[in-house]
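Taking it in order: structure first as structure tokens, then the write-up.
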Amino acid sequence: MTNRQTFNIVSLVIIIVTLFGYGGYYGQMLFGSPTPPADNQYIAELASSTDSQNSISAKVPEPASDAVHENIKAKTTLFTTPVIQTRPNWKISGRLSEQISALKLRFENGDLVAGYILAMNLRYCWDNPLNQHDFDRRIQNEEATNASEVLIQRLKSKYEKCQGVTHKQQQQFYHFMRSTAEQGFVPAQENYSQFTAEFFMSSQDHEALPRDEYVAKREQFITEKLHFLNQAAEHGSLKAIAKLANLYYSQNYGSQGWVKAFAYNQVILAFTIDNALYQRNQWYIEKLMPSLSAQELAQAQAISEKIIHAINQNGTLYSAK
């Protein structure tokens, strides 16, 4: 055999080996047999190994929740990091009664911070004694029950700050909080959500309404509360996100409560830099995961991604405290 024939045979062997090496890759591209995404594979495996448990007490291995979380976390890299916002200090010096008119005027002229400060201070003064006689009686009652000196001093400071604010003015905390929240002021939206339905009904004198009107008014408040919380969440309020996770975890706020709770906890993991908060929400996720089907996990992930997208687009982030 000549040298040229030998060279030709060796070259042919190399070409055949090379074609076989690339055949798998290009064959996959041309004829299609893609590998399932890692998350889908994980969810399918999870569904086959978990028999729709109703209890949330089982502990899930850490790599499982990490697999879902890492996919969520990766979404945040597609946008500029949201800018951390500082909530305004609502505490004022001096008596509130002497500042109400000025704060109302500023709010009416478009100053949302003024509306928030007014709402927070009127809420602070809620149920404050309206005269010296009522205040002295409250102090006597506290002393009779061995209240601490710190509590007594706190009541005295509150009475001094709120003296002269009428009951009708105290009730207006709700009006100013709601009006400010409606205009998109995140701190007002957060604090609106701290009101319970029972407190709203009693503080606004709705308790004597006929049964049907009472129920309708109460449901309207809850709907608004969830609406403001969702708006705040989409603007990066970790406090609102944590509140929504807790509300939905209770399963008292519509369908798919645990799915939504799982989703909101995932959003917190995607943004928080607080190790303690991260660990707590990771624990909630691990408790919830065995109770969700593969389809529900996929739904939760889709909700998480939607919220993360909105937060990144809006570009703001508020701490959980």
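Heads up: numbering here begins at 1 and tracks the sequence.
- Considering only residues two or more places apart in sequence or on other chains, Phe185 meets the ring pair (Phe, Tyr, Trp, His ring centres under 6.0 Å) condition with Tyr116.
- Not a single ring pair (Phe, Tyr, Trp, His ring centres under 6.0 Å) links Tyr124 to another residue, sequence neighbours left out.
- Under the 4.5 Å side-chain heavy-atom criterion for grouping Ile, Leu, Val, Met, Phe, Trp and Tyr, Ile307 is not connected to Val186 through any hydrophobic cluster.
- Between His167 and Trp126, the angle of the ring planes lies from 30° to 60°, which puts this pair in the tilted group.
- Checking Asn265 against Gln282 by side-chain atom types alone, no donor-acceptor pair falls below 3.5 Å.
- At a cut-off of 3.5 Å, with distance as the only test, no side-chain donor of Gln256 or Glu296 sits close to an acceptor on the other residue.
- Tyr278 and Phe271 have their aromatic ring centers separated by at least 6.0 angstrom.
- For Asn131, the CG atom counts as densely surrounded, since its 6.0 Å shell holds more than 12 non-hydrogen atoms of other residues, nucleotides or ligands.
- The pair Glu182-Arg178 counts as a salt bridge, with a side-chain nitrogen and a carboxylate oxygen less than 4.0 angstrom apart.
- Hydrophobic cluster membership is shared by Ile285 and Ile303, with clusters built from Ile, Leu, Val, Met, Phe, Trp and Tyr side chains linked at under 4.5 angstrom.
- Under the 4.5 Å side-chain heavy-atom criterion for grouping Ile, Leu, Val, Met, Phe, Trp and Tyr, Leu269 is not connected to Tyr318 through any hydrophobic cluster.
- No option in Tyr174, Phe200, Phe176 other than Tyr174 meets the ring-ring contact (aromatic ring centres under 6.0 Å, His included) test with Tyr192.
- Aromatic pair Tyr249/Phe262: centroids not less than 6.0 angstrom apart.
- Residues Gln153 and Glu149 have side chains that never bring a donor and an acceptor to within less than 3.5 angstrom of each other.
- Donor-acceptor pairing under 3.5 Å is recorded for the side chains of Asp136 and Gln132.
- In this structure, Arg87 pairs ionically with Glu190, as a charged nitrogen and a carboxylate oxygen lie closer than 4.0 Å.
- A 4.5 Å side-chain heavy-atom check between Leu96 and Cys125 finds at least one atom pair inside the cut-off.
- Linking ILVMFWY side-chain heavy atoms closer than 4.5 Å, directly or via other members, places Leu105 and Met177 in two distinct hydrophobic clusters.
- Under the 4.5 Å side-chain heavy-atom criterion for ILVMFWY residues, a single connected hydrophobic cluster contains both Ile92 and Val113.
- In terms of heavy-atom proximity, Leu130 sits nearest to Val165 at CD2-O, 3.6 Å.
- For the atom pair Ser202 OG and Glu207 CD, the distance stands at 5.0 Å (nearest 0.5 Å).
- With Gln204 contributing its side chain and Met201 its backbone, the two residues share no donor-acceptor pair below 3.5 Å.
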**Request:** In sequence, state the C-alpha distance, the side-chain angles, and the governing distance for Trp258 and Ser291, and then conclude on side-chain contact (heavy atoms from CB on, under 4.5 Å).
**Result:** CA-CA 8 Å; Trp258 282 352; Ser291 304; 3.7 Å; yes
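- Atom CZ of Arg95 is surrounded by more than 12 heavy atoms from other residues, nucleotides or ligands within 6.0 Å.
- The neighbour count for Lys104 NZ, taken as heavy atoms of other residues, nucleotides or ligands under 6.0 Å away, does not exceed 12.
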